[in-house]
Amino acid sequence: MRDPTRREVVQGVLAAFGGGMLLDVDTFLARYGEGARARAQGGVGRFTRDDVALLDEVADTILPTTSTPGAKAAQTGAIMALMVTDTYSDRDQKVFRDGMKTLDDRCRSMHGHGFMEATPAHRLALLEVLDREQYDYQKQKAAEQPTHYFRLMKGLAMKGYFTSE
């Protein structure tokens, strides 16, 4: 039996996390590719360079460096910002953007400082709480309610990372 390809892993992970609301992997790679990362480094749409840096740190907390580079090394924050800007509805863009502020505010209330100043342990503790919250929210939400912001972030972090080279 052969090992799965990166594309097969991405498709499996996204299926598990409701990735159908995102572009499929083939469309993503054809439309964005690696050149999109370079274009996104100075900011994307209404996402500033600082926003992209925050998204990089969130993604890197979810997918840290191990024997392979982590999400920040793959510049996943830029792809997340680009995907939100180019593919999300206005409602989902607002959920995502408001979620970035909520995430930072929650970190301040839990640890006394923003996410960018947090230690890796504090970041992980916060994201574990948010992951449990999004899971419970998604199970109980009505169809017309938006997807939880952290589910959007986590899905994009994984998609951006696993589609990187």
Side-chain angles (χ1 to χ4, degrees), residues 2-88 92-93 95-97 99-100 102-104 106-107 114-116 118-135 138 147-165:
R2 69 173 176 77
D3 288 336
T5 66
R6 181 182 285 211
R7 183 178 308 271
E8 290 166 338
V9 170
V10 171
Q11 288 170 334
V13 168
L14 290 176
F17 286 97
M21 69 184 178
L22 301 174
L23 295 173
D24 66 77
V25 174
D26 292 323
T27 302
F28 174 82
L29 291 173
R31 184 169 178 190
Y32 293 98
E34 288 301 311
R37 292 180 199 283
R39 290 192 304 277
Q41 290 311 295
V44 176
R46 290 182 282 170
F47 288 88
T48 65
R49 182 176 285 186
D50 289 342
D51 293 336
V52 171
L54 174 70
L55 293 174
D56 264 337
E57 295 300 334
V58 169
D60 207 60
T61 303
I62 295 167
L63 297 157
T65 298
T66 57
S67 60
T68 60
K72 184 164 60 171
Q75 300 173 342
T76 303
I79 289 298
M80 293 169 72
L82 189 63
M83 290 289 292
V84 170
T85 298
D86 285 358
T87 67
Y88 277 24
D92 287 341
Q93 285 186 38
V95 167
F96 191 92
R97 297 285 307 195
M100 290 173 63
T102 300
L103 181 143
D104 201 51
R106 290 285 300 275
C107 192
F115 193 82
M116 294 300 284
T119 65
H122 285 171
R123 289 176 179 181
L124 182 59
L126 171 64
L127 296 191
E128 287 173 342
V129 168
L130 295 179
D131 198 37
R132 285 190 298 276
E133 286 177 9
Q134 71 83 20
Y135 179 79
Q138 289 299 127
T147 300
H148 192 280
Y149 71 90
F150 187 68
R151 185 177 188 94
L152 296 173
M153 287 181 189
K154 186 175 180 180
L156 282 178
M158 292 179 0
K159 182 170 209 107
Y161 177 76
F162 286 115
T163 57
S164 69
E165 290 191 21

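A cation-pi arrangement is absent between R106 and F115 under the rule of less than 6.0 angstrom and at most 45 degrees off the ring axis.
Considering only heavy atoms from C-beta on, F47 stays 4.5 Å or farther from L82 through its side chain. Side-chain atoms of V84 and L156, non-hydrogen and from C-beta on, do get closer than 4.5 Å to each other. Side-chain atoms of E133 and V129, non-hydrogen and from C-beta on, do get closer than 4.5 Å to each other. Residues L127 and L103 meet the side-chain proximity criterion, which asks for heavy atoms closer than 4.5 Å. With a 4.5 Å cut-off on side-chain heavy atoms, K72 and L63 do not count as touching. In this structure, Y149 and R97 have side chains that are not in contact, with every pair of non-hydrogen atoms separated by 4.5 Å or more.
Put simply, the side chain of T163 gets close to the backbone of K159: a donor and an acceptor are under 3.5 Å apart. For the pair Q93 (side chain) and Y88 (backbone), a donor-acceptor distance under 3.5 Å is present. Not a single donor-acceptor pair under 3.5 Å links the side chain of D60 to the backbone N or O of T65. Under a 3.5 Å cut-off, the side chain of R46 and the backbone N or O of T85 do not form any donor-acceptor pair.
Classification of D131 and R151 as a salt-bridged pair fails, no side-chain N sitting under 4.0 Å from a carboxylate O. Using a cutoff of 4.0 Å between basic side-chain nitrogens and carboxylate oxygens, E128 and R123 are not scored as salt-bridged.
Nearest approach of T76 to A157, heavy atoms of both residues: CG2-O, 3.4 Å. Closest approach of C107 and A118 over heavy atoms only: SG-CB, 3.8 Å.
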Check the pair Y161, I79 against side chain to side chain contact (heavy atoms under 4.5 Å, CB included), reporting the backbone distance first and the verdict last.
CA-CA 9 Å; Y161 177 76; I79 289 298; over 6 Å; no
Could you go through L55 and M100, starting from their C-alpha distance and side-chain angles, then the distance that decides it, and tell me whether this counts as side chain to side chain contact (heavy atoms under 4.5 Å, CB included)?
CA-CA 8 Å; L55 293 174; M100 290 173 63; 4.1 Å; yes
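Results of the side chain to side chain contact (heavy atoms under 4.5 Å, CB included) test with H148 over K154, Q138, M153 single out Q138 as the only residue that passes.
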